[in-house]
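Here the structure comes first, spelled out in structure tokens, and everything after it is commentary.
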Amino acid sequence: MNFKIIGTGRACPACVKTNDDLTEFLDTSDEWIRTRTGIEERHVMQDGESISQLAVQAARAALENAETDPSELDFVICSTIRGDYITPSMACIVARDLGVRCMAFDLNAACSGFIYALDCAAGYFERGRAKKGLIVSAEAMSKMVDWQDRATCVLFGDAAGAAVLELGDNVLASQLSSNGNVDALNIPHVYGNSPFSHDDAQPSYLHMDGHEVYKFAVNAMATGLAETIQAAGLEQSQIDHVLPHQANMRIIQSAMKKLSIPHDRYRININRYGNTSSACIPVLLDELNQAGKLERGQILALTAFGGGLTNGAMVLRW
Ligand code: ACO
């Protein structure tokens with residue numbers, strides 16, 4: 001036994017910035033961003049908003065959708081690159097605001113975080129440690145990018161997505177990997193003021209070698225999906241919905257060419273959100289669920305890549 005997903009939710013900051021809005025302070029254009037990435041607008045947090053608050057909103061929406069009382073939860077796992085605090089974890093704050101005291105911890109696998117969290121959760125169900133659990137992926141990317149670096153800041157947005165899981169047997173196969181590449185994508189830590197070590201403080205901004213990540217991403221998505229679908233004992237034509245990490249439309253299109261999944265099965269919302277890291281897939285999942293586009297029994301294939309460089313794929317029955 002592993003799990004089935006019984007509810008989904010999402011939350012986004014109210015403030016939406018279009019590509020044209022960014023040209024007010026950045027040497028860029030709507031045409032460049034749209035044609036190179038597929039992004040048209042993104043949500044960004046403003047004063048007074050916290051990523052933990054967004055995570056709690058998404059969690060409450062998923063619990064309502066699952067008709068589940070928080071007291072039924074056996075775990076809260078949050079995937080995030082960086083919550084509001086290094087400690088306590090975002091998951092502890094979410095659990096507190098939901099009024100529960102079950103185990104709660106964060107997991108950081110960058111943009112692959114939601115799939116890593118699902119896979120981790122499957123272990124708790126398999127070991128009989130859980131009957132219901134909550135996963136929340138929440139990312140404040142606007143607080144981590146350098147807004148003077150046009151090659152990166154235009155790509156990202158803020159959001160939170162959540163899913164409620166219940167004991168079941170709907171996970172058919174999954175695959176996780178990492179290669180330890182630091183240079184392709186990293187965000188340095190902010191250091192304290194130890195009198196015993198004097199590391200040069202670096203600005204804590206996201207650095208990315210776009211070409212390197214691009215090459216990795218296309219191959220990782222195509223290979224990871226193909227192998228995971230095969231491990232599930234399925235043909236690629238049997239996948240009803242592909243939910244790819246929404247980093248760049250051209251990456252998704254390049255991966256599509258290497259696979260034989262019909263192109264109308266790929267679900268896309270990058271135009272409205274940009275790359276919200278590990279929140280991309282649960283936000284997309286919730287949009288499909290709320291729009292009534294997922295039918296029980298259909299096969300979903302999730303695929304993501306991110307800093308680390310991590311890669312994750314999962315095939316599951318809705
Ligand atoms: N507006 C206008 N021009 C720009 C912008 C911008 N926002 N950004 C870069 N340019 C310019 C560059 O300066 C360069 O100009 P030059 O030729 O005069 O030097 C030109 O556009 C081309 O730059 P490239 O970097 O070659 O552009 P490319 O077509 O490769 O697209 C991009 C860059 C979008 C970053 C692409 O490489 C990409 O998508 N990479 C993968 C990124 C990704 O997936 N990141 C998420 C990782 S997941 C995670 O864990 C966070």
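Numbering of ligands and ligand atoms starts at 1, following listing order.
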How far apart are the closest heavy atoms of Val190 and Ser204, and which atoms are they?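 Closest approach of Val190 to Ser204, heavy atoms only: CG2-CB, 3.5 Å.
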Answer yes or no: is there a side-chain heavy-atom contact under 4.5 Å between [X] and [Y]?
X: Ser254; Y: Met221; value: no
X: Asp209; Y: Asp183; value: no
X: Cys153; Y: Tyr205; value: no

Among all the protein's heavy atoms, is there at least one whose distance to atom 5 (C) of ligand 1 comes out below 4.0 Å?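 It does; a protein heavy atom is within 4.0 Å.
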Any non-hydrogen protein atom below 4.0 Å of atom 19 (O) of ligand 1?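 No, because not a single protein heavy atom sits under 4.0 Å from atom 19 (O) of ligand 1.
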Ligand 1 versus [X], non-hydrogen atoms closer than 4.0 Å: side chain, backbone, both, neither?
X: Leu26; answer: neither
X: Thr28; answer: both
X: Asn275; answer: side chain
X: Met141; answer: neither

Between [X] and [Y], does any side-chain donor sit less than 3.5 Å from a side-chain acceptor?
X: Ser278; Y: Glu139; result: yes
X: Asp20; Y: Thr23; result: no
X: Thr37; Y: Asn248; result: no

Out of curiosity, does Met314 fall in the hydrophobic cluster containing Leu172 (side-chain heavy atoms, cut-off under 4.5 Å, transitive links)?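 Looking at the clustering, Met314 is in a separate group from Leu172.
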What's the shortest distance from [atom] to any protein heavy atom, and which residue and atom give it?
atom: atom 10 (N) of ligand 1; value: Trp32 CZ2, 3.4 Å
atom: atom 40 (N) of ligand 1; value: Gly210 O, 3.0 Å
atom: atom 28 (P) of ligand 1; value: Arg36 NH1, 3.5 Å
atom: atom 31 (O) of ligand 1; value: Arg250 NH2, 3.5 Å
atom: atom 26 (O) of ligand 1; value: His211 NE2, 3.0 Å
atom: atom 48 (S) of ligand 1; value: Cys111 SG, 3.1 Å
atom: atom 14 (C) of ligand 1; value: Arg150 NH2, 4.8 Å
atom: atom 34 (C) of ligand 1; value: Asn248 ND2, 3.6 Å

Taking CD in Glu235 as the centre, count heavy atoms belonging to other residues, nucleotides or ligands within less than 6.0 Å. Is the count above 12?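 It does not: Glu235 CD has 12 such atoms or fewer within range.
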So for atom CD, which belongs to Gln298, do other residues, nucleotides or ligands contribute more than 12 heavy atoms lying within a distance under 6.0 Å?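 Yes.
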4.0 Å heavy-atom contact, Gly307 with ligand 1: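 Gly307: in contact with ligand 1 (<4.0 Å).
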Which atoms of ligand 1 have any heavy atom of [X] under 4.0 Å away?
X: Ile251; result: 41 (C), 44 (O)
X: Val154; result: 7 (N)
X: Phe156; result: 51 (C)

Check: Ser260 main-chain N/O paired with Gln236 side-chain donor or acceptor under 3.5 Å: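 Indeed, once roles are kept as given, a pair shorter than 3.5 Å links the two residues.
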